[in-house]
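Notes for the one structure printed next.
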There are 2 protein chains.
Amino acid sequence: MARKRFDDSNCSVARALNQVGDWWSLLIVLQAMYGTRRFVDFQQELGIAKNILCDRLARLVDNGVLKKVEVGEHGSRFEYRLTEKGRDLFPVVIALRQWGDKWNPAPDAAPLDLRDRATGQAIQTVQVHNAEGEPVTVRDVFVPGAPAPGTKKDPA
Amino acid sequence: MARKRFDDSNCSVARALNQVGDWWSLLIVLQAMYGTRRFVDFQQELGIAKNILCDRLARLVDNGVLKKVEVGEHGSRFEYRLTEKGRDLFPVVIALRQWGDKWNPAPDAAPLDLRDRATGQAIQTVQVHNAEGEPVTVRDVFVPGAPAPGTKKDPA
DNA sequence: TTAATTTGGTTTTAAGATGCAACCTTATTA
DNA sequence: TAATAAGGTTGCATCTTAAAACCAAATTAA
């Protein structure tokens, strides 16, 4: 059977995953944030098959995450650049990267050292903040109107 | 050919995606954050096939994102609960959800209204902050030692 | 106490997705 | 003019996936 699609799910995480939730798409976005723009560069840096790269780039363009720009200097060459929608994935990618660095430290690579251009200092760990700006965990929050966790059925 | 695995990639995002980067895993984590713990509840709420759910739960347990707890009250029944590693995905999931709400607003569902238990107020949008606590975008940051974006090769 | 149901799985089977290699077309370079 | 690079497309073998059928143990209902 076909892989399930979530285009019309009423969960926005599911719909988001429909756009960037496969193996390669988010890595392509990550590479784009690192400055990669050209087909061959994506291919080499990610080690991705060309047909898959074609498909994913096209899909990301369709979804408005990337835009395909014909660069005139060399004739029919293209660049894939992040749109605002794509750049807006920055917190997602960074949060994921920090999670990976924390819980699956690289055997040989240093954790992400991302610095603010203005100050030269490292950025903070991405967290969820309440209205006062204090970090909160999943245990500190609730969804209005939803049953409290663990009380839905079969309350153990 | 088999799907490429990234267990030993030196990119922590790739390794993170190896653990929670497929379609279902992150949705399972999301459901777990909403309080779901039982096999059947995951199945019903996600509409996922049982064999896939089995596989993903086992994989998440293997990766230390969930733990499988035998609940004694009814004999051989189990609960799947988030570990600290799993709860630590909170900023990732929330950032993704907010991105989805912003760029692919639900046709019929309201955007996430997540509130701080202590204050009752809505949480903030997840952002990347510099050392001073000011939000930064992908354009405001750099990786020490890396070439500036767009200057690597074939500088257009 | 027997039958039906729930829970948590495994198996089977098809339709898709993936990776690799080969090929193709249009530019550019030698 | 030949060779190479960029950006794809096509075919094929192999995996993965989804759905439904099936299963066994533990409850619950009658």
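Chain letters run A, B, ... following the sequence lines, proteins first and then strands; every chain starts at 1.
For A:Asn51, the side-chain contact (heavy atoms from CB on, under 4.5 Å) partners at least two apart in sequence or on another chain are A:Ala49. Residues that satisfy the side-chain contact (heavy atoms from CB on, under 4.5 Å) test with A:Arg87, not counting sequence neighbours, are A:Leu82, A:Glu84, B:Val138, B:Arg139. Residues satisfying the salt bridge (charged side-chain N to carboxylate O under 4.0 Å, His left out) criterion with B:Lys67, sequence neighbours excluded, are absent altogether. With sequence neighbours left out, A:Asp116 forms a salt bridge (charged side-chain N to carboxylate O under 4.0 Å, His left out) with no residue at all. For B:Val40, the side-chain contact (heavy atoms from CB on, under 4.5 Å) partners two or more places apart in sequence, or in a different chain, are B:Arg38.
The side-chain contact (heavy atoms from CB on, under 4.5 Å) test with B:Arg97 singles out one residue from B:Leu114, B:Val126, B:Val92, B:Leu112, and that residue is B:Leu112.
What you find for B:Val65 and B:Lys85 is that their closest heavy atoms are CG2-CE, 4.3 Å.
Put simply, CD on A:Glu79 is 13 Å from P on D:dG8, counting in whole angstrom units. D:dA25 atom P lies 13 Å from atom CZ of B:Phe78, rounded to whole Å. The distance between atom CD of A:Gln43 and atom C1' of D:dA6, rounded to the nearest whole Å, is 10 Å. Computed from coordinates, the A:Asn18 CG to C:dG16 P distance equals 16 Å when rounded to whole Å. The interatomic distance linking A:Ile48 (CD1) with C:dC20 (P) rounds to 10 Å, in whole Å. Summarising the geometry, the separation between CG on B:Leu53 and P on D:dA20 is reported as 16 Å, rounded to the nearest angstrom. Atom CD1 of B:Ile28 and atom C1' of C:dG8 are 14 Å apart (whole Å). Look at CG on A:Asn51: it is 15 Å from C1' on D:dC15, rounded to the nearest Å.
Listed in residue order, the members of residues 60-69 of chain A having a heavy atom less than 4.0 Å from DNA chain D are A:Lys68.
Checking D:dG7, D:dT17, D:dG11 against every side-chain atom of B:Arg56, the shortest atom distance belongs to D:dT17. Of all nucleotides listed (D:dG7, C:dT6, D:dA18), D:dA18 comes nearest to the side chain of B:Ala49. Of the candidate nucleotides C:dG8, D:dG7, D:dA18, D:dG7 has the atom lying nearest to any side-chain atom of A:Arg38. Checked against C:dG19, D:dG8, C:dT7, the side chain of A:Tyr80 finds its nearest nucleotide in D:dG8. Each of D:dG8, C:dG8, D:dA5 was ranked by its minimum atom distance to the side chain of A:Arg77; first place goes to D:dA5.
The side chain of A:Trp24 places no N or O atom within less than 4.0 Å of a non-bridging phosphate oxygen (OP1 or OP2) of C:dT18.
Toward the 5′ end of DNA chain D lies the nearest nucleotide of A:Lys50, the other residue of the pair A:Lys50 and B:Asp55 mapping further downstream.
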